Every structure is written in structure tokens, then in C-alpha cells.
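In what follows, a structure is listed as C-alpha cells, so that the remarks can point back to it.
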Amino acid sequence: MVPPLRHGNRFRARAGADSDAAEAVCDQRRRDGHRSWRVHGRAADGAHPALLRRGLAGYDAGPRIHSVPAHARVAVRGRLGVAVCRDRRVSPLARPFARASRSLIRRARPVPVPACSLYCNFMLRLRFAPSPTGYLHVGSARTFIFNWLYARRHGGTMILRIDDTDLERNTEQSLNSIFEGLEWLGLGWDEQYRQSDRLALHKQLAEAILEKGLAYRDFTPADVDDAEKTNSGGPWLFNPGQREIPREESDHRAAMGEKFVLRFRVPREHEETVKFHDLVYGEQAKETRDIEDFALLRSNGAPTYHLASCADDADLRISHIVRGQDHLTNTFKHILIFRAAGVEPPAFAHLPLLVAPDGSKLSKRRHGPVVSVTTYRDAGFLPQAYMNFICLLGWSPKDNREQLSPEELTAAFSFEGVNKSNAVVNFTEEDPFDPKAVWLNAEHLRALAPESLAEQLLPFVQRDWPDATPEKMAAVTPLIRERIRLLGEVRSVADFFFQPELAAYDSTELIPKKGDAALALRVLEEARRALENAEFTHDGLETALRGAAETLGIKAGQMFEPVRVAVCGRKTAPPLFGTLEVLGRDTCLARVEQAAAKLTEKN
RNA sequence: GGCGCUAUCGUCUAACGGUUAGGACAGAGCCCUCUCAAGGCUUAAAUACGGGUUCGAUUCCCGUUAGCGCUACCA
């Protein structure tokens, strides 16, 4: 049986003996009757000194552990920590995920640790419980993020639980896609469970509820009730006759192998109101006469979502359930289950839904890949920008800030700021991304150090030009960083840097404003001379080309235009002198000569 | 149908009884400028509707309308 919730201790993490050393040990122990576990945090070289001082390195490495090791040792590396799971021993519950976990750990990126978690709060346990029936979509991602934010904000524990009780609809592919999405977000979690590993627990709870007389067996065959249910006008509450079957008869029929659904016996003897306080929606109440006798166990013996979810939430000591508003009315049923289990219900926070521009629910079938977070990843969104955007959907820091880093989000997050009405993700068929998301991404891109931006850009460039080098990328990056909004745009903005031969362009493009082909040719010839002799730096090139314009007696703009087209193959491009500098004298001369040839050919 | 939730510019949102209803994105215009961006300035744009309560309602209450959710042996 599920033991009642017990109040744990607020745990204050302490640094190791020498708080200035590059090693901090965080030794945590907890006994709750079900398991006890300890985590050793070992901060390797370069862990953030502030964290070491607070002794947080070990604990805050937590989010980097992607399994539930009974005894895990965690190393923290880098300025803000990448954890490496040193201990391969994985608890039986997590074993199915062990392989995925290792790859996640290998590829984990450092994640900023909020300055506000001054202690680890063992009371505070949040969970994200996706069901693997599709890819991770934006709404789920937001639910995950809000859970994570709240957990990190208050030093709690973040739990990932795969809700896969519906075996028929679950797919391995979907599971992978969820992990892919979460991996990209790079936020991590502390503990991980899979519901299908815990069926015994669910059955135990069902059993206990039946024993208490709070549930009954419904022997109505699955196909019978549908017709009656829908045409009866009022709400369906229960199948007639089934509630009253005496326990002995019920036991007997079950023993004889008759199929049944285990239903919760919602109290109907007298009027009663089920109440709870929602952190977002406030006081909620519903009459028991409006709640139907919902199923706990299906006729194949499998637990329903309601049962499995509550049993696990109780067993895992979940303190706050943060989930989509589509569960708001289900919560009354869950309260009833918790009550029947003899467990104090957790706190609830329901989140407004994310909807399509026409107000309909975001769905794969109707809206396509825009609902999947991997689409954003592939287009070149930065995870922190995506997180920023998604947080602003249904939540506000209330101080007019729009651009927030993950740390700032963590520090600012609270359920008070969560809005009650659904938020529209503004996309169209031509433009699959919300313009605000794109703008935020551009902002985050520019906030990145040039070196790390170059690093992120390189894989996108290499999709088209595998030979691109990090050095070249580093040189190009400053020229384009203000001209791209998504990492993926680098391919169309910087193509001429990486392409050996320029794509074909119309030679009339070379003709400057208020000029003709003859002028263009003169400009290119003068430019060639200038480029041959110029010092190949930004300033040297500017002096040379401006001088050339003067020699020809034309405006500087008329000079630059043909050169730009000759070198870039189009009129809109990054600033000219920097571009020439990066391209180098040989390439520039060759392209200018080619352009001149193009013009003469035509005449 | 029953029950529940929600309602501020095109979109995301602020204003928890007193504001010329604020900010951001997207749009328009101007400036800057070697093109394109970035940046700066300016501009247009909202309290769903009807009743109350109040000296005063975006804000509180009621109704209408609309949208969403739940109403499954899906989650």
C-alpha cells in the first residue's frame, strides 16, 4: 500500500571541507520507506566558484543525471557544469533508458544554474509526464519547462515519468522523439521512471480502493453501453445495476473469468462538493453528482491514466502537479483517488493551452511539423531562445522584459504570472514560425559570443559545404551575425563565402545606379587595379576603393555596387570591405575579372 | 446536451476600482548608411456585448455571445 506522505526535511546542501577547492561533495541521504539514495557531487576543475561556495555543485549537477542511479556519482565540468554519470549501475526502473541516457549525457551542454537555489528542497518534487504517442510538441515542451523552472527556482527535484499505460498507442519512435526534443532543450531532470514498469503498484492501489468499497466491478460488455450513453440526453454517470452487485457475487464472477471494468464509486448518497485550490485558476469546485463513475482498471486489467497517474504521483511524493489545462476537470477525479488512497493530494497548477491561430488545438494532423520542437531545432533556433519564447506564451514577468536568459526566467518564474486564457502560436503556412520567436532568436543569437555563434553556425554551413573550416566560419561570423535570425539562414546569407564558384547571376546586376554597362566595366577595371595594390584590410580596402571612385569621378556608392555584385553575386550582402578582406585578394580578383568578362561577353 | 474554464491592439501581454489603457512582435513612415541588416525616432492598432454595484469600472457581480476543455475500458 502507498504509505501516507511524510514531510521530508528541507535539506541544506553544504560544501566540502575546503570550499575553495575544486571539489565539493554533496552527500544526501533520504529514507522514506521505499528507497534511500545518495548522490555524490564532485565538481571538477572550473566549476563555478559561486556554486562551490554554496555547495551546490553536487546537487545542481542533478539535472544532468538522466537516469535514476541508486548510487550515482556526478562530476561537474565547465563554468556552469556538464555532468558525467560515472557510475554505470542504474536502477531497475531506469534500465530501459540506460542507453538513451548515456547518449544524452555525452551530448549534454552546460546549463546555467540559477543563483536563487540556495538550498535543495526535498519536499518539492515536480514531474513531467508525457505519453509517447507522438512527438514532443510545443505545448508539452512548455509544460516541461514550467515544471523545470519551478523546480529549479525553489531547489526542488525534477522528475521525468513516461506515462505509457496505453500500450497500443505507444511507439518507440515517439519515445525517441520526446527524448530528442528534451535533449535539445538541454534542461535535464533528476529522476526518471516509466509507468509500464510500475504496473504492480497501480494494481495494488486499485485493489486497495476496491477493498475499501470505494470501487466496484462493472461487468457491462465494452460494446454495449455506447449507444445508451449518448442518447440519454443528460450526463452519463454509471451503468445501471452494476454499482449494487454484492461483493460476494462480484468476486465470484471475477473469479470465473468474467471481464469487468473497475470503476470508482463516486459518492452519491448525499450531495458533496469536491474542492481544490489551483495555483493558476484559483478555487475550483464540482459536485459529485456531475462526476461519472470513471474507470480505474480496464477489462484487460491495465490501469487507466487516472489510476496510474495518481498512484505514481503519490508514490513518487509529487508535491506539485503542473500540467495542461485540459486536465483541470480531471483533477476532481484525481482528488477522489488520492482521498481513497489515504494520501494528501499535491498542489495543482494548470497551464493555459497553446492553440493554433484559428483557436483549435495544435495537432500533428492539422498543423504538421510546426507543432514539433525538433522543427525549431532543425531550422536553427537556439534552445534558450525557444525557451524564452515559449515562456512568454501564457506567462509574463510583469515588468515589460521580453528577452530573458534561462537564469533570468528561473529567477522570475512564479504561477502568479501565469495567464488564464489560451495563447495562440502565431504561424501561417508560408511562415511556420511565430515572428516573435524568430525575433527573440535573433536577439539571443546576437547575445552570443562570436566564437560560440561561429561554433553553432558551422554544422549548418557544413550541410551544404562539408569543407567549411572553423577558421573560415570564425572570420565570416562577425559579418553576418546581424543579418541572420535563425542559424539555418547562414546558408543563404553567407553562401558566397563557402562556394568556390559563384552561382549564376544576371550581368545587368553589375550596372550601378545612374550608370550603364560601359561604366560598370570601367568600375570593375579600376577596382581590379585597386584590389591588386590595396592593403587587404578593412580600412586599406576602403581607402583604395574610395580612391578609385575619385579617379573615375563617380560616387562611392556607384563604385561599390558593381564590386559587391561581382564578389557576392547579388546586390544585398554583408558590408563590402569586411567581405573582401575575408574572401582574400585572389578570390576577389578572380571574381572581379569574371564579372568584367561577363559584361564584355554580352556587349 | 451536462459540467467546468476563459474573454485587453492582428499576435504575445501589462494595468490586482481612479492611467491620455503601458510594453513587445508584426505593419507603416522617417533618420543613420557602401547594399542588406542592426540601431534610433515617429505612427496606426484593443478592454466581446448588455445589465448591475460604485462618486468612479478593463478590473467586482449577473446575464448574453463566442472560444476552449472534460464528459472513454485515450492520455
Side-chain angles (χ1 to χ4, degrees), chain A residues 129-133 163-166 168-170 218 220-222 225-226 229-237 259-263 278 281 284-287 289-292 294-302 304-306 308-309 323-333 350 352-353 355 357-361 389 392-403 416-417 419-427 434-440 442 446 480-485 493 513 542 545-546 549 555-561 563-565 568 570-577:
Chain A
S131 69
T133 55
D163 277 11
D164 56 352
T165 47
D166 183 16
E168 280 157 34
R169 298 201 330 174
N170 294 331
D218 179 348
T220 312
D225 47 334
D226 265 18
K229 256 189 224 175
T230 42
N231 64 15
S232 59
W236 174 88
L237 289 176
K259 296 272 185 211
F260 64 87
V261 172
L262 189 74
R263 291 192 184 280
D278 189 276
Y281 287 91
Q284 301 293 314
K286 192 166 182 165
E287 306 294 324
R289 63 161 176 267
D290 293 322
I291 303 173
E292 76 283 0
F294 53 94
L296 260 18
L297 290 178
R298 294 186 262 250
S299 54
N300 64 4
T304 61
Y305 161 75
H306 301 302
S309 170
R323 66 207 334 178
Q325 192 242 44
D326 46 346
H327 285 296
L328 192 65
T329 42
N330 284 334
T331 305
F332 298 104
K333 296 172 191 166
H350 287 90
L353 264 23
V355 297
D358 64 355
S360 69
K361 210 166 136 179
F389 168 66
L392 258 22
L393 251 25
W395 173 82
S396 156
K398 305 205 171 194
D399 55 8
N400 280 346
R401 280 186 296 171
E402 303 278 343
Q403 301 163 36
E416 314 234 316
N419 217 43
K420 290 202 243 293
S421 48
N422 293 173
V424 173
V425 182
N426 201 6
F427 60 83
D434 192 310
K436 193 154 186 175
V438 175
W439 170 75
L440 272 171
R446 286 173 210 127
I480 60 164
R481 65 187 260 133
E482 279 173 1
R483 268 155 271 265
I484 53 171
R485 291 127 72 225
V493 172
K513 264 181 215 146
E542 176 159 16
L545 288 177
R546 284 192 191 277
K555 285 188 172 175
Q558 288 178 298
M559 182 75 211
F560 301 151
E561 213 177 318
V563 177
R564 175 177 298 112
V565 175
C568 305
R570 71 176 95 94
K571 280 183 174 162
T572 61
L576 187 58
F577 313 120

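The model shown is predicted, which means the values in this text are computed figures rather than measured ones. Proteins get letters first, then strands, A, B, ... in listed order; numbering begins at 1 in each.
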Can you check whether any acceptor in the base of A24(B) is under 3.5 Å from a donor in the side chain of Lys436(A), or vice versa? yes
With a 3.5 Å cut-off and heavy atoms only, can you find an N or O donor on one side and an acceptor on the other between the side chain of Thr329(A) and the base of C70(B)? no
Would you please confirm or rule out a distance under 4.0 Å between OP1 or OP2 of A15(B) and any side-chain N or O of Lys398(A)? yes
Ignoring backbone atoms, test whether Arg263(A) places a side-chain nitrogen or oxygen under 4.0 Å from the OP1 or OP2 oxygen of C73(B). yes
Out of C36(B), G22(B), G69(B), which has the shortest distance to the side chain of Asn400(A)? G22(B)
Nearest listed nucleotide, side chain of Arg483(A), among A38(B), C25(B), U35(B): U35(B)
Using a 4.0 Å heavy-atom cut-off across all strands, classify [X] as base, sugar-phosphate, or nothing.
{"X": "Pro352(A)", "result": "nothing"}
{"X": "Leu392(A)", "result": "sugar-phosphate"}
{"X": "Phe577(A)", "result": "base"}
{"X": "Ser299(A)", "result": "base"}

Applying side-chain contact (heavy atoms from CB on, under 4.5 Å) to Arg289(A) and not counting sequence neighbours gives Glu271(A), Glu287(A)
Rounded to whole angstroms, how far apart are CD on Glu402(A) and C1' on G22(B)? 12 Å
Between C70(B) (C1') and Glu292(A) (CD): distance, integer Å: 8 Å
In whole Å, measure the gap between the P atoms of C30(B) and G69(B) for me. 45 Å
P atom, U8(B) versus C68(B): distance in rounded Å? 15 Å
